[in-house]
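So the structure is just underneath, and the comments pick up after that.
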Amino acid sequence: MAEKYDPIELDRKWQRRWEDARVAFVDTSDGADKFYMLNMFPYPSGSRLHVGHGRNYILGDALYRRERMAGRRTLNPMGWDAFGLPAENAAIASGVPPREYTTGNIARMKEQLRSLGLLYDWSKELASCDPAYYRWNQWLFLRMWERGLAYRKTAPVNWCPGCRTVLANEQVVDGRCERSGDAVEIRDLTQWFFRITEYAERLLAGLETVDWPERVKVMQRNWIGRSEGAEVFFRVDALAEPIPVFTTRPDTLFGATFLALAPEHPAAARLAERSPLSGDLARFIERVRRSSRLERESETGEKEGMDTGITALNPATGETIPVWLANFVLPDYGTGAIMGVPAHDQRDFEFARRYGLPIRPVYRSDAEPDPDAMTAAVPHGGVLFRSGDWNGTPNGPAAVSKAIDWIEARGLGRGRLGYRLRDWLISRQRYWGTPIPAVHCPDCGVLPVPDEQLPVLLPEDVAFRGAEGNPLEQSEAFVATSCPDCGGPARRETDTMDTFVDSSWYYLRFLNPGDSSRMVDSERAAKWMPVDQYVGGIEHAILHLLYARFICRVLKDLGLVDLEEPFARLFNQGMITKLNPASGKIEKMSKSRGNTVSPDELIARFGADTVRVYTLFIGPPEKESEWSEEGVAGAWRFLQRVHDVCARAEALPAGERAEDSPLTRLAHRTIQRVTEDAQRFHFHTAVAALMEFQRGMAEALDSGEESPGALRRAAETLVQLLHPVAPHLTEEWWERFGHRTFLLDSSWPAFDPALATTERVTLVVQVNGKVRGRLDVERGAPEPDALALARADEKIRTWLEGKEIARTVYVPDRLLNLVVR
RNA sequence: GCCGGAGUGGUGGAAUGGCAGACACAGGGGACUCAAAAUCCCCCGCUCGCAAGGGCAUGAGGGUUCGAAUCCCUCCUCCGGCACCA
């Protein structure tokens, strides 16, 4: 046998070769045969990657190499989502400046990616903390400000005490900060927002056009939360302006027996002043405002309210109804005010019962519901009654639109859509992010930084003391500026942008990373966008993916790109899990749980190819899979065997034409299987097919029944098909088989459908649907032949004894079913 | 509660209307070796049977079909999302 398989040496050799040749470089000025594939760019964390992270990149690299061999000019860039809290926290903890910390992490992480044999077009590398990058965040912000898409408002916002900053709605999970887990407080603050709600309809519509996992699309639809309804105006006797109410059931307007306002509603305070219960109301408003999100949203939370003593007019009945403040009315959904229809809405019902408010049913199925006997709201159903002109209208969408028409005709309101989606709060009271380019002038107000002054640089000579808050506030050199309008002394905005702004357009920047003249190269974007295949974790199902879709639309409206959906196809890889010795349970692999496996040691011992083979073989990539140390050894053994069969085939002469032989047929069948599996990312079954192929080759080498040419060609096919999974070993053999160019640059093998089959097939014979025998027949054997063979078969004959064949079902090359009586 | 996904040997999984368990891992047996490691070969769903062979089996129950892990209905369990959103 030839020399031993030395993966460490091969890793070194081929990683250097690929790098020296800049194999992954793509000229993006040319869009011919383009394929843009992208892994979500990572945060350069201070801890080393574990094999769970590795799955994402290995899968991406295998896809990249496969697409490339299939003949596409494939772009596979990499960059760094380099702003964010950990670097700043590290600075507070250890005094290392965030930039230095981040740069060091990037270098280490890059080396780790390289050691896995991952190929990226590093000529397009970018880092979001680079002023050459983040200046375009600022430029975009200014354009959005001009169009009213970026704005400042004072509102109750989410405050994370642990992170000491506000958060977007999307970053609050179950009332807690998604990062730190701290309970989120509600504070009234003046903050910067992006008007994503204006794009709600377009964001929903676009979901129909992308090839994404259904669950991600469902999550986004849920998050946007569209509902159709109407805005109805209620005249309030103490106020000049009527109060608008959003409802999805305007058809129940005649059943509205009270009006309820969120305590945060701007009219609430004014009502309190005019109310005889002024003091009590003010205290109630204060108490509700101070409650945490956790309390406000908890399911057990009591519905609490207070009568303002002021009345409104039900616009349909003309009756006087009381105006209440209620804690269950949310300030930032709809109009922050509701009409209470206790007969047909469970929440309103509970509220009405608690405070003795009247209940007035307007839908009846058989008998009229008795308000006094009701123990719960009556579902909408039957027909309307006690509803004037609408009486007799059956429940359904027609009733709703009839009501809207009626309301609009009388000027009492209008049809409207409601969304659960809130505007994106982008300001952060932290240092390590893009400075928001605004100036506060005592005379002129809040003004944009002029374009020519961009970028507003993040100062790097600041002190990190922790509890004192954003170091930018302490940096007089940063804060002190002059007003762009009057020239007088002014102060800079010290909030920075949510880092999700950075990641919402980076995929475009890979096309012109060094371009200091513009944010996006529209021509190249036209040629290369959208990203054909995006790969990343499910944790960004809403956050990053929603923001990126939004910003892409904004860029379209700015005329910079001509598309709405940046990511045509999305793939979410499943997590890697492992037994956690601490808890005894199988859990997601993570540093904090202490159940990580480092790829570094495995690479040092078995080489990168083994880690790649096992990672891809572990299971279907979209599902979570449990890491097993023993499984790694299996991958290693397989590569060893591949090495052995290649070594045995090395000395054989390359054959001329493919002759028809069992091995050739196996090769073509394997090409077909691997090609199809790779197309649906199922490298685990592709590897299984290659394992069978390898064994078939070993047997053919032993038997001596195959020609040298067939053996040698099979070895080359094996090496080609295995390349996306195990690039180092396969490049080595490709070279030793006499090829002068990279295997990576070879053409993916094509299969001949006529050869991707065997000549003889096993025909299953069933009697009454049960398998009773198997026949070895020639492919394409006609039914009478098969039937004759089955009748002649001794085993099958015993099942037919004394029976009459009533019917036969014949599926050529597969099965013969004899139905007997 | 609503929506989405999943449930197959000891384990990861394969098969998406036609041989259930490919390919691996673990386990058992053997070869090589003074021995060990490495490597290679064989066995490996449950059950009845000396064997030949039979029966059962893809969360549970029903249905469609010549034939169901796969399609339909009812239910159970687990995972994920949304949920006081008017």
Side-chain angles (χ1 to χ4, degrees), chain A residues 1 4 173-174 213-227 229-230 245-250 252 256 260 262 296-303 326-330 332-341 344-348 350-351 418-422 538 541-542 577 613-614 617-620 622-638 640-641 644 673 677 682 684-692 694-695 698 762-774 795 798 806-811 813-820:
Chain A
M1 193 181 291
K4 242 178 101 61
V173 178
D174 295 331
E214 190 54 33
R215 63 175 165 159
V216 177
K217 296 205 264 186
V218 166
M219 282 162 76
Q220 293 217 353
R221 277 190 209 109
N222 279 346
W223 190 260
I224 295 168
R226 177 189 203 262
S227 42
V245 147
F246 177 69
T247 176
T248 55
R249 298 304 305 229
T252 61
R296 190 93 179 250
E297 286 178 2
S298 76
E299 215 163 322
T300 51
E302 282 285 306
K303 289 190 179 30
N327 68 345
F328 74 94
V329 181
L330 304 173
D332 50 359
Y333 182 75
T335 61
I338 62 156
M339 63 180 206
V341 185
H344 301 295
D345 182 286
Q346 186 58 26
R347 295 158 301 181
D348 298 349
E350 286 167 27
F351 191 74
Y419 299 95
R420 215 188 67 95
L421 182 70
R422 312 290 203 260
I538 186 74
I542 295 174
T577 59
V613 168
Y614 179 65
F617 187 65
I618 192 167
E622 68 278 8
K623 284 176 62 179
E624 63 172 46
S625 303
E626 189 187 343
W627 189 267
S628 124
E629 299 289 338
E630 293 81 9
V632 177
W636 161 256
R637 284 195 287 270
F638 167 59
Q640 194 95 267
R641 290 193 295 265
D644 289 346
R673 285 174 69 186
D677 288 346
H682 280 196
H684 64 306
T685 47
V687 170
L690 290 167
M691 285 170 167
E692 290 179 54
Q694 177 277 323
R695 196 166 53 206
T762 302
L763 190 71
V764 173
V765 181
Q766 296 183 336
V767 177
N768 286 345
K770 290 196 181 273
V771 179
R772 297 302 183 190
R774 293 178 175 85
K795 224 158 55 183
T798 61
R807 184 180 165 189
T808 62
V809 179
Y810 186 60
V811 184
D813 302 334
R814 284 186 169 274
L815 148 148
L816 174 67
N817 188 11
L818 306 172
V819 185
V820 302

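To find a chain, count down the sequence lines: A is the first, B the second, and so on, and within it residues start at 1. On a predicted model such as this, the values are computed, not experimentally measured, just so you know.
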(request) Rounded to the nearest angstrom, tell me the gap between atom CG in Asn222(A) and atom C1' in G5(B). (result) 14 Å
(request) Quickly work out the Glu626(A) CD to U11(B) C1' distance and round it to whole Å. (result) 8 Å
(message) Under 3.5 Å for both donor-acceptor distances, Watson-Crick or wobble: does C82(B) have a partner, and if so which one?
(response) G1(B)
(request) Using Watson-Crick or G-U wobble geometry with both distances below 3.5 Å, tell me the partner of A57(B), or none. (result) none
(message) Go nucleotide by nucleotide along RNA chain B from the 5' end; which of Val819(A) and Trp223(A) gets its closest nucleotide reached first?
(response) Val819(A)
(message) In whole Å, measure the gap between the P atoms of U64(B) and A69(B) for me.
(response) 16 Å
(message) Rounding to an integer number of Å, can you tell me how far Gln346(A) CD sits from A83(B) C1'?
(response) 14 Å
(request) Give the minimum heavy-atom separation between Ser625(A) and Ile618(A), together with the two atoms involved. (result) CB-CG1, 3.6 Å
(request) Could you tell me which nucleotide pairs with A51(B) by Watson-Crick or G-U wobble geometry, both distances under 3.5 Å, or answer none if nothing does? (result) none
(message) Using a distance-only criterion (donor-acceptor N/O pair, under 3.5 Å, no hydrogens), is the base of C85(B) paired with the side chain of Arg422(A)?
(response) yes
(request) Could you measure between the two P atoms, the one in G81(B) and the one in C42(B), and give it in whole Å? (result) 47 Å
(message) Just the rounded figure in Å: distance from P of C66(B) to CZ of Arg772(A).
(response) 19 Å
(request) For A26(B) and G12(B), measure between their P atoms and round to the nearest Å. (result) 15 Å
(request) Report yes if some heavy atom in the side chain of Val819(A) is under 4.5 Å from a heavy atom in the side chain of Asn768(A); otherwise report no. (result) yes
(request) Over all heavy atoms of both residues, which pair between Leu763(A) and Val811(A) is shortest? Give the atoms and the distance, please. (result) CD1-O, 4.1 Å
(request) Write down the distance separating the C1' atoms in A31(B) and U77(B), rounded off to the nearest Å. (result) 47 Å
(message) Using a heavy-atom cut-off of 4.0 Å across all strands, would you classify Ile618(A) as base, sugar-phosphate, or nothing?
(response) sugar-phosphate
(message) Regarding Ser625(A), tell me which of base, sugar-phosphate or nothing describes its non-hydrogen contacts under 4.0 Å with the strands shown.
(response) nothing
(message) Expressed as a whole number of angstroms, how long is the span from Trp636(A):CH2 to A37(B):C1'?
(response) 14 Å
(request) For Arg814(A), look at atom CZ and say whether over 12 heavy atoms of other residues, nucleotides or ligands are found less than 6.0 Å away. (result) no
(message) What's the gap between G67(B) and A57(B) when it is taken at their P atoms, as a whole Å value?
(response) 15 Å
(message) Does Val329(A) reach a base, just sugar-phosphate, or nothing at all? Heavy atoms under 4.0 Å.
(response) base
(request) Just compare A83(B), C84(B), C3(B) and give me whichever is closest to any side-chain atom of Asn327(A). (result) C84(B)
(message) For G18(B), give the paired nucleotide (Watson-Crick: N1-N3 plus N6-O4 or O6-N4; G-U: N1-O2 and O6-N3; both under 3.5 Å), or none.
(response) C66(B)
(message) Base, sugar-phosphate or nothing for Arg215(A)? Non-hydrogen atoms, less than 4.0 Å.
(response) sugar-phosphate
(request) Taking atom P in both C25(B) and A38(B), compute the distance separating them and give it to the nearest angstrom. (result) 13 Å
(request) Figure out the CD/P separation between Glu214(A) and C82(B), and round it to whole Å. (result) 16 Å
(message) Can you tell me the base-pairing partner of G9(B)? Count Watson-Crick or G-U wobble geometry only, both distances below 3.5 Å, and say none if there is no partner.
(response) none
(message) Apply the syn/anti split at 90° from 0 to G13(B) and say which one it is.
(response) anti
(request) Sort out the partner of A31(B) for me: Watson-Crick or G-U wobble, both distances under 3.5 Å, none otherwise. (result) U39(B)
(request) Using the C1' atoms only, state how far G13(B) lies from G62(B), rounded to an integer number of Å. (result) 29 Å
(message) For Met339(A) versus Pro250(A), what's the shortest heavy-atom pair and its separation?
(response) CE-CA, 4.4 Å
(request) Quick one: pull up CD1 in Ile338(A) and CG in Asp345(A) and give me the separation to the nearest 0.5 Å. (result) 7.0 Å
(request) Quick one: closest heavy-atom pair of Phe246(A) and Ser227(A), and the distance? (result) CZ-O, 3.8 Å
Identify each atom pair where a protein N or O and an N or O of nucleotides 14-25 of chain B are less than 3.5 Å apart, giving names and distance.
from   : atom 1 : to        : atom 2 : distance (Å)
A14(B) : OP1    : His684(A) : NE2    : 2.6
A15(B) : OP1    : Arg680(A) : NH2    : 3.2
G18(B) : N2     : Gln766(A) : OE1    : 3.4
C19(B) : O2     : Arg774(A) : NE     : 2.6
C19(B) : O2     : Arg774(A) : NH2    : 3.1
A22(B) : O2'    : Glu692(A) : OE2    : 3.0
C23(B) : OP1    : Arg695(A) : NH2    : 2.7
C25(B) : OP1    : Arg637(A) : NE     : 3.4
C25(B) : OP1    : Arg637(A) : NH2    : 2.5

(message) Can you measure Met219(A) atom CE to C3(B) atom P for me and round it to whole angstrom units?
(response) 17 Å
(message) What contact category does Glu350(A) fall into here, base, sugar-phosphate, or nothing, at under 4.0 angstrom with non-hydrogen atoms?
(response) nothing
(request) Would you indicate what Lys770(A) reaches in the nucleic acid, counting non-hydrogen atoms under 4.0 angstrom: base, sugar-phosphate, or nothing? (result) sugar-phosphate
(message) Could you tell me how far C23(B) sits from C78(B) if I compare only their C1' atoms? Round to whole Å.
(response) 27 Å
(request) Quick one: closest heavy-atom pair of Ala260(A) and Val329(A), and the distance? (result) CB-CG2, 3.9 Å
(request) Any chance you could measure Tyr810(A), atom OH, to Leu818(A), atom CG, to the nearest 0.5 Å? (result) 11.5 Å
(request) Establish, for the pair Lys303(A) and Phe351(A), whether the NZ or CZ atom is under 6.0 angstrom from the six-membered ring centre and no further than 45 degrees off its axis. (result) no
(request) Grab the CZ-C1' distance between Arg420(A) and G81(B) for me, whole Å please. (result) 10 Å
(message) Any base atoms under 4.0 Å from Thr808(A), or only sugar-phosphate, or nothing? Heavy atoms, all strands.
(response) nothing
